[in-house]
Amino acid sequence: MDILRADSKDVDHTIQGVASVRIQSQLEAIGIVVSRYGLVVVLLLIGVLKFTPGEAAAIEPLVEHSPLMSWMYNLLGVQGVANIIGVIEIATAALMALRPLSPKASFVGSLAAVVTFLLTVSFLFSTPGAVQLKYAFPVLGDAGQFLIKDLVLLGASFWTAAEAHRAAQRSGAWLVFFAKTPIHLK
């Protein structure tokens, strides 16, 4: 655009466009930081709580009905399973928090968060009463109301994984394999 020949509304439109892009970039940057460190805080808090008998008992109905995790009780008992989950959640949070120092570690932590929240979202389908059919419509029971937030946490985990992956690619080529290898779903 030739600024000398442009009329004032063209200049105004250009200035607004630049401001809009700047605002969008700032909002996205804030969203990523809040999502990442919000996940870190959530994972740390729920991870630490897993070491308490009350929390170990509270997650038992969820885990014992999971076809993916119920076998753990036979090996470790109620508190042992909760302790293992707590260690995983704390380690996941620590890895994610390392983003300023190591995008690669943060990427691994975000992938661990994806797995964590995929497992907890799966409890919606395996826990009796989590989802109930009322009036021909699925309604969340008490367990479902507790678990549904994990769907948003799952989405935030994917988002932070993508951002950390992008940053890790800029800092080194170790993830190029993942970026260039096609994944074929059948």
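Being a predicted model, the structure only gives us computed values, none of them experimental.
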I'd like to know if Val114 and Ile46 are part of one continuous hydrophobic network [Ile/Leu/Val/Met/Phe/Trp/Tyr, side-chain heavy atoms within less than 4.5 Å]. yes

Which residue pairs satisfy the salt bridge (charged side-chain N to carboxylate O under 4.0 Å, His left out) criterion with at least one member in residues 24-46, sequence neighbours excluded? Arg36-Glu163

Atom CG of Leu111 and atom CZ of Phe158: how far apart are they, to the nearest 0.5 Å? 8.5 Å

Can Leu124 and Leu151 be said to form a side chain to side chain contact (heavy atoms under 4.5 Å, CB included), step by step? CA-CA 10 Å; Leu124 283 167; Leu151 194 57; over 6 Å; no

Do Ser70 side-chain atoms and Pro67 backbone N/O form a donor-acceptor pair below 3.5 Å? no

Report whether Leu95 and Val42 are members of the same hydrophobic cluster (ILVMFWY, side-chain heavy atoms less than 4.5 Å apart, transitive linking). no

Spacing of OG1 belonging to Thr116 relative to CG belonging to Leu153, to within rounding of 0.5 Å: 10.5 Å

Taking atom CD1 of Ile148 and atom CZ of Phe123, what is their separation to the nearest 0.5 Å? 14.0 Å

Please determine whether residues Ile85 and Val78 belong to a single hydrophobic cluster, defined as Ile, Leu, Val, Met, Phe, Trp and Tyr linked transitively by side-chain heavy-atom distances below 4.5 Å. yes

Cluster check Ile59, Val121: I/L/V/M/F/W/Y, side chain < 4.5 angstrom: yes

Run through the side-chain heavy atoms of Ile, Leu, Val, Met, Phe, Trp and Tyr, join any pair under 4.5 Å, and report what else lands in Ile23's cluster. Leu27

Taking all non-hydrogen atoms of both residues into account, name the closest pair between Pro61 and Ala58 and its distance. CD-O, 3.4 Å

If you compare all heavy atoms of Val81 against all heavy atoms of Tyr73, which two are closest, and at what distance to 0.1 Å? CG2-CD2, 3.6 Å

Under 4.5 Å between side-chain heavy atoms, hopping through other hydrophobics if needed: is there a path connecting Phe146 to Val63? yes

Supply the members, apart from Ile30, of the Ile/Leu/Val/Met/Phe/Trp/Tyr cluster built from side-chain contacts under 4.5 Å; use none for a lone residue. Val34

Using the side chain to side chain donor-acceptor pair (under 3.5 Å) rule, collect all pairs that involve residues 134-152, keeping only residues at least two apart or in two chains. Thr120-Asp150

Reported CD-to-OG1 distance for the pair Glu64 and Thr127, which is rounded to 0.5 angstrom: 9.0 Å

What pairs with Leu119 under side-chain contact (heavy atoms from CB on, under 4.5 Å), at least two apart in sequence or on another chain? Leu68, Met69, Val115

I'd like to check the side-chain contact (heavy atoms from CB on, under 4.5 Å) partners of Ser102; sequence neighbours left out, ordered by chain and number. Lys104, Ala105

So do the side chains of Ile90 and Leu44 get within less than 4.5 Å of each other, counting heavy atoms only? yes

From Phe117 atom CZ to Leu147 atom CG, the distance as rounded to the nearest 0.5 Å: 11.5 Å

So, using side-chain hydrogen bond (donor to acceptor under 3.5 Å, both in side chains) as the criterion, who are the partners of Thr160 when residues are at least two apart? Ser110

Please report the shortest heavy-atom distance between Pro103 and Ala167, naming the atom on each side. CB-CB, 3.8 Å

Applying side-chain contact (heavy atoms from CB on, under 4.5 Å) to Tyr37 and not counting sequence neighbours gives Val33, Val40, Ala97, Arg99, Pro100

For Ser66, which residues count as a side-chain hydrogen bond (donor to acceptor under 3.5 Å, both in side chains) partner, sequence neighbours excluded? none

For Gly109 and Thr92, the nearest pair of non-hydrogen atoms, with its separation, is O-CG2, 3.2 Å

Run the side-chain contact (heavy atoms from CB on, under 4.5 Å) test against Pro138 and tell me which residues pass, sequence neighbours left out. Val131, Leu133

Which other residues belong to the hydrophobic cluster containing Val41, where Ile, Leu, Val, Met, Phe, Trp and Tyr are joined when side-chain heavy atoms lie under 4.5 Å apart, directly or via other members? Leu45

Can you name the nearest heavy-atom pair linking Ser35 to Trp159, along with the distance? OG-CZ3, 3.4 Å

So the salt bridge (charged side-chain N to carboxylate O under 4.0 Å, His left out) pairs with at least one residue in residues 88-97 (sequence neighbours excluded) are Lys50-Glu89

Value for CG (Leu39) from CE (Met96), rounded to nearest 0.5 Å, stands at 4.5 Å

